[in-house]
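Structure first, then comments.
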Amino acid sequence: MRERIWAPPLLLLLPLLLPPPLWGGPPDSPRRELELEPGPLQPFDLLYASGAAAYYSGDYERAVRDLEAALRSHRRLREIRTRCARHCAARHPLPPPPPGEGPGAELPLFRSLLGRARCYRSCETQRLGGPASRHRVSEDVRSDFQRRVPYNYLQRAYIKLNQLEKAVEAAHTFFVANPEHMEMQQNIENYRATAGVEALQLVDREAKPHMESYNAGVKHYEADDFEMAIRHFEQALREYFVEDTECRTLCEGPQRFEEYEYLGYKAGLYEAIADHYMQVLVCQHECVRELATRPGRLSPIENFLPLHYDYLQFAYYRGKAWIIREDFLGGCGSSLQTSHFFGEYVKALECAKAYLLCHPDDEDVLDNVDYYESLLDDSIDPASIEAREDLTMFVKRHKLESELIKSAAEGLGFSYTEPNYWIRYGGRQDENRVPSGVNVEGAEVHGFSMGKKLSPKIDRDLREGGPLLYENITFVYNSEQLNGTQRVLLDNVLSEEQCRELHSVASGIMLVGDGYRGKTSPHTPNEKFEGATVLKALKSGYEGRVPLKSARLFYDISEKARRIVESYFMLNSTLYFSYTHMVCRTALSGQQDRRNDLSHPIHADNCLLDPEANECWKEPPAYTFRDYSALLYMNDDFEGGEFIFTEMDAKTVTASIKPKCGRMISFSSGGENPHGVKAVTKGKRCAVALWFTLDPLYRELERIQADEVIAILDQEQQGKHELNINPKDEL
């Protein structure tokens, strides 16, 4: 548990408790009224589970019904939580701090807090038709909905029901958030080829309105249709602030205290309030990043919110420039038209000044401000034209949040680094900042992202070709022959007898979903995954459930693989186990027709692969400490299942390897080696997967425990030899 530096008194905590004003967007943006819907809302996780079960049982009509209901329930739950939060905040506003301290000075604040909590619980219970606790779901289900996995089931079910148009919608909606999914891309192409390219429109059912309007604004801007560009950018801003309000509201839900065991959390009143609120506030502060990130992308659109105002300042100016030219050519003009021109210059100036709130030292926009001011009528005082109120309020709150988080980080002892939310590398690429040409190809720059780290180039010497240490091992291909970096393919690392023995162990110890958080089909619904660790194998052997000799073989061959990798790549430091896992994937019967997905999607082992940006981000949840990987295959009596390397686009295959008994592929774990597994379409494919690290801090805990078990077994065996005990005499 971290050490507390200070415990703030109540009056100092008051600013932490005060929420941001509930303006939620431009002052004139309409507020939606609460709408009551009869009947209890069914938990979306139960509907999702029922739909998936129906799909696997072949009841596709029920699968569609329950999966669609799950998606509606998920959307409705978010809507209810957002509306209840707004409703209760309006009914129970938090009072300002009293002018002087005295007995009970904090009571009005807590009275409002308690009233808001009671209102929120009552609102949720009424609208949900029951207690909110029924709608708490696991992280796995939450992740599936974030990755749009239900749409994967839906597109398959709709195809089974011959509903092509709905299948295309579901497939496209899933593909938008999973652009590396090769099967879905192929499915969409097949569907459109079947129906005709023009017959089917690709619809993203989960599209964010603010992002759609922004994209439309950019297209109209590029086409010099400035009136429509203005309309869409203004609409995008209204929708952005609505989405921001929803994002911030959803951050107010339960928080996970990662540094504490929940049952052992003993913080006092003020520490508990501060801990919870700071997690909420950091989450809300990050909404800027979330709203700027397209589905399925790791890097946000840089400078996203300020870009709206950058486009608008030019659109307002250029739109009026076109009208002036038309009036001049047409030989007509009027004082009314002239007044309108000045009105649009004022709007251009307001937008330019708004942009400067995020980039006050942008010389080009500063020049634009001077230029717009020179165009104003003499009756208008340029100093009276201020930055737009919507962004002024937003940036003010954002800066206050930033200061508060930094102050709390210093005072409460947690680490926080403020990302650069308004990085200016993302922007319009006009040749001249004062309105001239139009070219926005660089509006989304992924190479400079907020707080992300590129997978760095390997900072150690890249060497290979060291001794293989063991007899009978056959060298097959090196990095050059495998069209990559730090790759090697070897045969005969295992004998046929050892493969059979490992298979026997696997059948006795493997559990469905082991190593995949209990998920039967973690990467594809068309295969079943089973796994086991070294420690589990040794315990099973010690308990007599599998032969101890066979369980130890799993331990020994993994150590053999580690030594080979360390030697072949000529590493100067010790290579440690990071994770060791025996895994079998089995093709599910009845689900292999026209299948072209992957058994394991293209990925890298120590960074988050971003195919669109052609980068790999070395940040959590990636296992950033992994340095080398190896796969030791146990059989070849199956169809499909080839291991493939690709380029960073996750599409261009650079090498394909057919598994067989005793074959081992090893490679460095970074973005230089994206890889995946083709679909297993028949039979069971088994392998020992190994990940290694050069950092002893990240040694596999189960491996250390397995080492201790082996040491005990060796001591017992040595004792028997010293006493000349014949093992058979023990029977």
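Predicted, not measured: the structure shown is a model, and the values here were computed from it. The residues of the chain are indexed from 1 along the displayed sequence.
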Near [X] [atom1], under 6.0 Å, is it more than 12 heavy atoms from other residues, nucleotides or ligands?
{"X": "E61", "atom1": "CD", "value": "no"}
{"X": "F638", "atom1": "CZ", "value": "yes"}
{"X": "F645", "atom1": "CZ", "value": "yes"}
{"X": "K549", "atom1": "NZ", "value": "no"}
{"X": "E543", "atom1": "CD", "value": "yes"}
{"X": "Y542", "atom1": "OH", "value": "no"}

(request) Using the side-chain hydrogen bond (donor to acceptor under 3.5 Å, both in side chains) rule, take E672 and T485 through it: C-alpha gap first, then chi angles, then the decisive distance, then the call. (result) CA-CA 7 Å; E672 66 277 4; T485 302; over 6 Å; no

Under a 4.5 Å cut-off applied to non-hydrogen side-chain atoms, are [X] and [Y] in contact?
{"X": "K658", "Y": "K678", "answer": "no"}
{"X": "R500", "Y": "E496", "answer": "yes"}
{"X": "S558", "Y": "F577", "answer": "yes"}
{"X": "M634", "Y": "V505", "answer": "no"}
{"X": "T474", "Y": "L490", "answer": "no"}
{"X": "F625", "Y": "N606", "answer": "no"}
{"X": "Y158", "Y": "V64", "answer": "yes"}
{"X": "D627", "Y": "L571", "answer": "no"}

Any sub-3.5 Å donor-acceptor pair from [X]'s side-chain atoms to [Y]'s backbone N or O?
{"X": "S540", "Y": "V546", "answer": "no"}
{"X": "S567", "Y": "R563", "answer": "no"}
{"X": "S479", "Y": "R487", "answer": "yes"}
{"X": "K560", "Y": "V493", "answer": "yes"}
{"X": "H603", "Y": "H675", "answer": "yes"}
{"X": "E559", "Y": "D556", "answer": "no"}

Measure across [X] and [Y] and return the closest heavy-atom pair with its distance rounded to 0.1 Å.
{"X": "A54", "Y": "A63", "result": "CB-N, 3.6 Å"}
{"X": "L67", "Y": "P150", "result": "CD1-O, 4.3 Å"}
{"X": "S656", "Y": "I644", "result": "OG-CG2, 3.8 Å"}
{"X": "L690", "Y": "V688", "result": "CD1-O, 3.7 Å"}
{"X": "T693", "Y": "Y698", "result": "CG2-O, 3.7 Å"}
{"X": "S629", "Y": "W691", "result": "OG-CD1, 3.3 Å"}

(request) Applying side chain to side chain contact (heavy atoms under 4.5 Å, CB included), run through I509 and R545 and close with a yes or a no. (result) CA-CA 8 Å; I509 66 173; R545 289 189 284 136; 5.6 Å; no

(message) One pair to check against salt bridge (charged side-chain N to carboxylate O under 4.0 Å, His left out): R685 and E527. What are the steps and the verdict?
(response) CA-CA 10 Å; R685 175 192 190 270; E527 297 175 22; over 6 Å; no

(message) Go through it in stages, so that I can follow the logic: the residues are R562 and E566, the test is salt bridge (charged side-chain N to carboxylate O under 4.0 Å, His left out), and I'd like the CA-CA distance, side-chain angles, deciding distance and then a yes or no.
(response) CA-CA 6 Å; R562 185 198 67 80; E566 183 182 82; 3.2 Å; yes

(message) Taking the ring centre of each residue, are Y628 and F667 less than 6.0 Å apart?
(response)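 When the ring centroids of Y628 and F667 are compared, they turn out to be at least 6.0 Å apart.
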
(message) Tell me if the aromatic rings of Y48 and F145 count as close, with their centers under 6.0 Å from one another.
(response)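 They qualify: ring centres under 6.0 Å apart.
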
Is a side-chain donor-acceptor pair under 3.5 Å present for [Y] with [X]?
{"X": "E501", "Y": "S550", "result": "yes"}
{"X": "S599", "Y": "T524", "result": "no"}
{"X": "R148", "Y": "N178", "result": "no"}

(message) Under a 4.0 Å threshold between the charged nitrogen and the carboxylate oxygen, would K539 count as salt-bridged to E702?
(response)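 No, E702 and K539 are not salt-bridged.
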
(request) Could you please spell out the steps behind the salt bridge (charged side-chain N to carboxylate O under 4.0 Å, His left out) verdict for D714 and R552? (result) CA-CA 11 Å; D714 287 344; R552 176 155 186 166; 2.7 Å; yes

If you measure from [atom1] on [X] to [atom2] on [Y], what distance do you get to the nearest 0.5 Å?
{"X": "F475", "Y": "L489", "atom1": "CZ", "atom2": "CG", "result": "8.5 Å"}
{"X": "R134", "Y": "D45", "atom1": "CZ", "atom2": "CG", "result": "9.5 Å"}
{"X": "D491", "Y": "N472", "atom1": "CG", "atom2": "CG", "result": "12.0 Å"}
{"X": "C686", "Y": "D636", "atom1": "SG", "atom2": "CG", "result": "11.5 Å"}
{"X": "R585", "Y": "K684", "atom1": "CZ", "atom2": "NZ", "result": "13.0 Å"}
{"X": "K660", "Y": "N492", "atom1": "NZ", "atom2": "CG", "result": "6.5 Å"}

(request) May I have the step-by-step check of side chain to side chain contact (heavy atoms under 4.5 Å, CB included) for T580 and Y555, ending in yes or no? (result) CA-CA 9 Å; T580 311; Y555 175 91; over 6 Å; no

(request) Please test Y579 against R626 for side-chain hydrogen bond (donor to acceptor under 3.5 Å, both in side chains), starting from the C-alpha separation and ending with a verdict. (result) CA-CA 9 Å; Y579 188 52; R626 291 177 175 173; over 6 Å; no

(message) For a side chain to side chain contact (heavy atoms under 4.5 Å, CB included) check, start with the C-alpha distance between D707 and R699, then their side-chain angles and the critical distance, and finish with the verdict.
(response) CA-CA 12 Å; D707 292 340; R699 294 176 65 187; 4.2 Å; yes

(message) Working note: F692 + Y576, criterion ring pair (Phe, Tyr, Trp, His ring centres under 6.0 Å); need CA distance, chi angles, decisive distance, verdict.
(response) CA-CA 5 Å; F692 307 104; Y576 301 96; over 10 Å; no

(request) Determine, step by step, whether Y153 and Y56 satisfy the side-chain hydrogen bond (donor to acceptor under 3.5 Å, both in side chains) criterion, reporting the C-alpha distance in whole Å, the side-chain angles of both residues, the deciding distance to 0.1 Å, and the verdict. (result) CA-CA 10 Å; Y153 288 104; Y56 285 119; 3.3 Å; yes

(message) Is the positively charged end of K166 above the ring of Y151, judged by distance under 6.0 angstrom from the centroid and angle within 45° of the axis?
(response)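 K166 over Y151 ring: no.
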
(message) With side-chain hydrogen bond (donor to acceptor under 3.5 Å, both in side chains) as the criterion, how do S50 and R62 come out once you've worked through the C-alpha distance, each side chain's angles and the decisive distance to 0.1 Å?
(response) CA-CA 9 Å; S50 176; R62 185 163 69 89; 3.1 Å; yes

(request) Please list all pairs passing the disulfide (SG to SG under 2.5 Å) test where one or both residues lie in residues 624-666, with sequence neighbours left out. (result)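 Only C499-C661 qualify under disulfide (SG to SG under 2.5 Å).
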
(request) List the steps, then state whether side chain to side chain contact (heavy atoms under 4.5 Å, CB included) holds for N572 with R463. (result) CA-CA 10 Å; N572 293 325; R463 297 186 295 174; 2.7 Å; yes

